[in-house]
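Read through the structure below, which is laid out as structure tokens, and then see the notes.
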Amino acid sequence: MTNELKEKFVNPENDVLRVVGGKPLNGKIKVRGAKNFVSKAMVAALLAPGKSVLKNVPEIRDVHVVSDLLRLHGVNVDVDGPEGTVTIDASHVELANVADVDTLSGSSRIPILFSGPLLHRLGEAFIPALGGCNIGGRPIDFHLETLRKLGANVDKEHSDGIHITAPNGLKGAKIHLPYPSVGATEQTLLAAVLAEGKTELSGAAIEPEIMDLVSVLQKMGAIISVDVDRTFRIEGVKELKGYTHTSLTDRIEAASWASAALATHGDIFVKGATQPEMMTFLNVFRKIGGEFDVTDKGIRFWHPGGDLKPVAIETDVHPGFMTDWQQPLVVALTQAKGLSIVHETVYENRFGFTKPLVQMGATVQLYRECLGSLPCRFQQRNYKHSAVIFGPTPLTGRDIDVPDLRGGFSHLIAALAAEGPSTVRGISLIDRGYADFRGKLAALGADFE
Ligand code: EPZ
């Protein structure tokens, strides 16, 4: 990361936001490409010895972490932040110095996806210890099992990372995921496209971001089909070429701003937001009493006045209600009249962020029981993964420490909805996934410094 970027993303002086809430957020903002797609598409560029161009890329820290890791492997990466274009030339790829790779330890979860492309290009890969949000155990057993099935040797002995080799190349295999993991599905796609022979991946995830990655891989020359039962079939090809692609919009960011409009009695036009990927969110938004209007340019979300209504929702893999939509929406639900229930079935520990909400005046009770009917891996386990929210309760500003990306943005929304001043610390975590959120808050008339 350049000094300028370090200043922007990790400067402690940029890390505190003082917010005076109680004012509706009104105005227009633009949301660019999806964080959870662009980072993977950048890794895909490693598969081809040529130039790839990715457009509509947001200026977020995760993009710089992936760029840095690519550069450490000898790849040329040019990030034009204001333009939103990343150009990657992977004509030359080399093994990175382990000590250099280690400096990126704990910065993101994307490095594990470098495994397949590096095995194809170099026969080996060193993956630093992973980071990402603290919202559950987040193991990588499915990733490693997939790589082993494709013929890789995985050595976890290195204290800070994983060394993976494939001296005889990767070979197609039959793989079944015990749970439709987004990352493990991407891992398999990125590793199988150049593996010898056919790969069948059943029990896969089919999030729109994954399907956009499939589009990128197809542009590069891959042969991938998907059956109605979430089975991907990949026919390995001998080589791939660079791509030019425009990212789909970040539906998590769009839903976060929509929730902010509800929680603050505001009216926000989210330029770039698209309906198909947000269908499930829009249904819930409407049931709560929020209004929206879909146009060619984006979606306008607003609070029409009157009482918001409570809902019962369960998070799930696509096409279910995304776990990443849950946290910002819970803040809006504190303002709905009655009892709302949220059953989190993707992560075992994604309600930690509700504690500061309660301190601000919200009524949120957490339960170990499954308060819903979806089959859930956390049943009879000791995780508080269901929440009951009773509202409306006025929120009062206070000091908050940001716990994770989505939880942090939710705290920001709560501070904006609350009466009085709040100090939100650790906001650089929010830069991981919300491009220029300070500029957007200013455009929406938020009172902060
Ligand atoms: C991706 O994480 C996203 N991150 C997450 O977004 C998102 O919440 C998640 O998918 C679900 O949609 C990125 O794309 C960078 P998973 P990922 O593998 O791929 C378990 C955000 O806020 N699991 O689908 O890491 C895991 O513990 C972030 O933008 C295993 O048990 O998620 C979890 O309970 C947060 N073993 C569940 O599967 C494995 O090997 C789903 O995880 C892998 C996963």
Considering only residues two or more places apart or on different chains, which pairs with a residue in [range] satisfy side chain to side chain donor-acceptor pair (under 3.5 Å)?
range            : value
residues 210-223 : Asp212-His245, Lys219-His245
residues 72-90   : Asp89-Ser91
residues 141-150 : His143-Gln187
residues 39-51   : Lys40-Glu186

Handout entry: side chain to side chain contact (heavy atoms under 4.5 Å, CB included) between Phe232 and Val214, worked out
Key = CA-CA 10 Å; Phe232 281 101; Val214 170; 3.9 Å; yes
Can you check whether [Y]'s main-chain N or O pairs, donor with acceptor, with [X]'s side chain at less than 3.5 Å?
X      : Y      : result
His411 : Phe353 : yes
Thr185 : Ala205 : yes
Glu314 : Ser373 : yes
Asn56  : Ser247 : yes
His303 : Ala263 : no
Thr280 : Pro319 : yes
Asn26  : Gly266 : no

Student check: side-chain heavy atoms of [X] and [Y] closer than 4.5 Å:
X      : Y      : value
Leu308 : Leu262 : yes
Val182 : Val317 : no
Val330 : Ser410 : no
Asn349 : Tyr383 : no
Thr295 : Arg300 : no
Leu441 : Leu412 : yes
Leu54  : Tyr243 : yes
Arg32  : Val38  : no

Taking all heavy atoms of [X] and all of [Y], pick out the closest pair and write down the distance.
X      : Y      : answer
Val93  : Leu122 : O-CD2, 3.5 Å
Glu209 : Ala34  : CG-CB, 4.1 Å
Asn153 : Pro167 : ND2-CD, 3.8 Å
Pro328 : Ser259 : O-CB, 3.5 Å
Ala191 : Leu147 : CB-CD2, 4.3 Å
Ile162 : Ile164 : CG2-CG1, 3.8 Å

[X] side, atom [atom1]; [Y] side, atom [atom2] - distance, nearest 0.5 Å:
X      : Y      : atom1 : atom2 : value
Thr315 : Leu329 : OG1   : CG    : 12.0 Å
Thr274 : Ile299 : OG1   : CD1   : 6.5 Å
Leu374 : Ile313 : CG    : CD1   : 11.5 Å
Leu25  : Leu416 : CG    : CG    : 5.0 Å
Ser115 : His163 : OG    : NE2   : 11.0 Å
Ile234 : Ile223 : CD1   : CD1   : 11.5 Å

Handout entry: Those residues that, when tested against Arg121, pass salt bridge (Lys or Arg N to Asp or Glu O under 4.0 Å) (two or more places apart)
Key = none
Problem - salt bridge (Lys or Arg N to Asp or Glu O under 4.0 Å) involving Arg230 - partner list, sequence neighbours excluded - result: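 Salt bridge (Lys or Arg N to Asp or Glu O under 4.0 Å) list for Arg230, sorted by chain: empty.
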Checking [X] now: which residues fulfil ring pair (Phe, Tyr, Trp, His ring centres under 6.0 Å) with it, not counting sequence neighbours?
X      : result
Phe351 : none
Phe301 : Phe285
His385 : His343, Phe378
Trp257 : Phe409

Handout entry: Residues that Tyr434 engages under side-chain hydrogen bond (donor to acceptor under 3.5 Å, both in side chains), provided they are two or more places apart
Key =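 side-chain hydrogen bond (donor to acceptor under 3.5 Å, both in side chains) list for Tyr434, sorted by chain: Ser256, Arg406.
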So with a 6.0 Å cut-off around [atom1] of [X], is the heavy-atom count from everything else above 12?
X      : atom1 : value
Lys30  : NZ    : yes
Glu94  : CD    : yes
Lys171 : NZ    : yes

Handout entry: Stepwise side-chain hydrogen bond (donor to acceptor under 3.5 Å, both in side chains) test for Glu344 and Thr323
Key = CA-CA 7 Å; Glu344 169 62 59; Thr323 169; 3.0 Å; yes
Practice task
Would you kindly say whether Ser428 and Asp15 are connected by a side-chain donor-acceptor distance under 3.5 Å?
Solution key: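 Side chains of Ser428 and Asp15: pair found under 3.5 Å.
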Practice task
Could you check Ile140 against Arg109 for side chain to side chain contact (heavy atoms under 4.5 Å, CB included), going step by step and ending with a plain yes or no?
Solution key: CA-CA 10 Å; Ile140 50 165; Arg109 296 187 65 72; 3.7 Å; yes
Handout entry: Presence of salt bridge, Glu253 and Lys35, under 4.0 angstrom
Key = no
Handout entry: Positive for side-chain contact (heavy atoms from CB on, under 4.5 Å) with Met42, one of Leu69, Asp62, Val75, Ile88
Key = Ile88
Practice task
Could you walk me through whether Leu240 and Val193 pass the side chain to side chain contact (heavy atoms under 4.5 Å, CB included) test, one step at a time?
Solution key: CA-CA 9 Å; Leu240 296 171; Val193 280; 4.0 Å; yes
Exercise for the section: Under the side chain to side chain contact (heavy atoms under 4.5 Å, CB included) rule, what do Thr188 and Phe142 come out as? Steps first, then yes or no, please. Expected result: CA-CA 10 Å; Thr188 313; Phe142 306 162; over 6 Å; no
Using residues 173-180 as the side-chain source, report each donor-acceptor pair under 3.5 Å to any protein atom, sequence neighbours left out, with the distance given to one decimal.
from: His176; atom 1: ND1; to: Ser202; atom 2: OG; distance (Å): 2.8

